[in-house]
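Notes follow the structure.
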Amino acid sequence: MHRPAGPFQVLLATLLEGANHLRIEGSAEDAGIAASEAELEGGIVLEGIFIRADQHVEIQASVAGTVRVFCDRCLVPLVAPIQAPLRLFSEKRGERDRRSDAESREEDDGLLYHDGRVLELAEEVREAFLLEVPWHTVCRPECLGLCPRCGKNWNDGECSCPPHRGASPWDRLRGRLEETPSSDAAREKES
């Protein structure tokens, strides 16, 4: 009997006709997620309904896990839960379709081909999970960030650096904005 190489491979022979509830747990490595892409705390869970009708399988599932991220302002480590929907339709690759797996994945969004024995879901799990990893995170909306001179976290209190007295590169822009009447006021004058 053919054994799958990883947890995100489902043997079609294990799926009964109709609805099957599956919960599959794996690691970042199992899903092909590199540490440079996301730092996971624990594993990844694929859970949902796999509806089989002969060689066709509809997948209505979700991918969940937790990533470690850092506040963009103060660099405090944070843990962010990830929950991503995974909706796919899978069918056996026919003789007519001679495209490579990479080409068919790129062109047939939401459609996954299988070989008649195994559903290879690692790439779909990887993509769904990584699309939900936050790009911009803050520990709280009122985060004060770090002192640009000494690096002290201003959320923990003020630092001992002297106040900056030099010109800011934004001073010229700030001055222009103060000189220009707001667009709402300009429209009111025209009326």
Side-chain angles (χ1 to χ4, degrees), residues 1-140:
M1 177 185 244
H2 179 267
R3 297 293 306 162
F8 297 117
Q9 294 180 330
V10 177
L11 291 173
L12 284 170
T14 63
L15 296 177
L16 302 173
E17 287 287 318
N20 299 267
H21 182 271
L22 292 181
R23 178 183 170 89
I24 303 169
E25 296 182 31
S27 66
E29 185 177 278
D30 295 331
I33 298 175
S36 61
E37 295 175 307
E39 187 178 332
L40 269 77
E41 298 249 331
I44 297 176
V45 176
L46 169 64
E47 184 171 16
I49 304 296
F50 288 61
I51 304 167
R52 181 173 181 188
D54 191 31
Q55 294 292 320
H56 304 281
V57 180
E58 181 180 347
I59 301 166
Q60 300 173 6
S62 65
V63 178
T66 306
V67 293
R68 185 176 175 186
V69 292
F70 295 90
C71 176
D72 286 348
R73 294 180 189 164
C74 68
L75 302 179
V76 168
L78 306 168
V79 175
I82 303 294
Q83 182 86 22
L86 182 64
R87 305 287 185 263
L88 294 170
F89 182 76
S90 183
E91 64 183 31
K92 187 174 180 181
R93 181 178 296 284
E95 294 294 321
R96 297 176 291 134
D97 193 355
R98 303 220 183 268
R99 298 175 296 171
S100 69
D101 283 342
E103 289 174 325
S104 62
R105 281 182 199 270
E106 189 174 305
E107 295 172 9
D108 298 336
D109 191 31
L111 178 62
L112 174 68
Y113 291 107
H114 61 77
D115 62 3
R117 295 181 298 156
V118 179
L119 288 173
E120 303 273 352
L121 298 172
E123 182 62 28
E124 281 68 25
V125 168
R126 178 185 176 279
E127 287 178 10
F129 189 85
L130 289 177
L131 282 172
E132 296 298 320
V133 173
W135 287 33
H136 176 70
T137 54
V138 291
C139 58
R140 58 183 185 258

Measure across [X] and [Y] and return the closest heavy-atom pair with its distance rounded to 0.1 Å.
X      : Y      : result
Ala38  : Leu130 : CB-CD2, 3.9 Å
Ile44  : Ala28  : CD1-CA, 4.3 Å
Val10  : Thr14  : CG1-OG1, 4.2 Å
Ser90  : Tyr113 : OG-C, 4.4 Å
Arg126 : Ile33  : CG-CG1, 3.8 Å

Residues in ring pair (Phe, Tyr, Trp, His ring centres under 6.0 Å) contact with Phe89, at least two apart in sequence or another chain: His56

My understanding is that only residues two or more places apart in sequence, or in another chain, count here; which of them pass salt bridge (Lys or Arg N to Asp or Glu O under 4.0 Å) with [X]?
X     : value
Glu41 : none
Arg73 : none
Glu58 : none
Asp72 : none

Anything under 3.5 Å between a donor and an acceptor, one on a side chain of residues 80-88, the other on a protein residue two or more places apart or in another chain? List them.
| unit_1 | atom_1 | unit_2 | atom_2 | d |
| --- | --- | --- | --- | --- |
| Gln83 | NE2 | Ser62 | OG | 3.0 |
| Arg87 | NH1 | Ala61 | O | 2.6 |

Are [X] and [Y] close enough that some pair of their side-chain heavy atoms sits under 4.5 Å apart?
X      : Y      : answer
Leu12  : Val57  : yes
Glu120 : Val118 : yes
Val76  : Phe70  : no
Val67  : Phe129 : yes

Stepwise side chain to side chain contact (heavy atoms under 4.5 Å, CB included) test for Leu121 and Glu123: CA-CA 6 Å; Leu121 298 172; Glu123 182 62 28; over 6 Å; no

Check against side chain to side chain contact (heavy atoms under 4.5 Å, CB included), Asp115 and Lys92: CA-CA 6 Å; Asp115 62 3; Lys92 187 174 180 181; over 6 Å; no

Interatomic spacing from [atom1] in [X] to [atom2] in [Y] - rounded to 0.5 Å:
X      : Y      : atom1 : atom2 : answer
Glu91  : Leu111 : CD    : CG    : 5.0 Å
Ile59  : Leu15  : CD1   : CG    : 8.5 Å
Arg117 : Gln55  : CZ    : CD    : 11.5 Å

Residues which pass side chain to side chain donor-acceptor pair (under 3.5 Å) with Arg52, listed by chain and number, not counting sequence neighbours: none

Residues in side chain to side chain donor-acceptor pair (under 3.5 Å) contact with Arg140, at least two apart in sequence or another chain: Asn155

Contacts under 3.5 angstrom, residues 19-27 side chains, donor-acceptor by atom type, not counting sequence neighbours:
| unit_1 | atom_1 | unit_2 | atom_2 | d |
| --- | --- | --- | --- | --- |
| Asn20 | OD1 | Leu16 | N | 3.0 |
| Asn20 | ND2 | Leu16 | O | 2.8 |
| Asn20 | ND2 | Gly18 | O | 3.1 |
| Asn20 | ND2 | Phe50 | O | 3.1 |
| His21 | NE2 | Glu47 | OE2 | 3.4 |
| Arg23 | NE | Glu25 | OE2 | 3.2 |
| Arg23 | NH1 | Glu47 | OE1 | 3.1 |
| Arg23 | NH2 | Glu25 | OE2 | 3.3 |
| Ser27 | OG | Glu29 | N | 3.4 |
| Ser27 | OG | Asp30 | N | 3.1 |
| Ser27 | OG | Asp30 | OD2 | 3.1 |

Backbone N/O of Ala34 and side chain of Glu37: donor-acceptor pair under 3.5 Å: yes

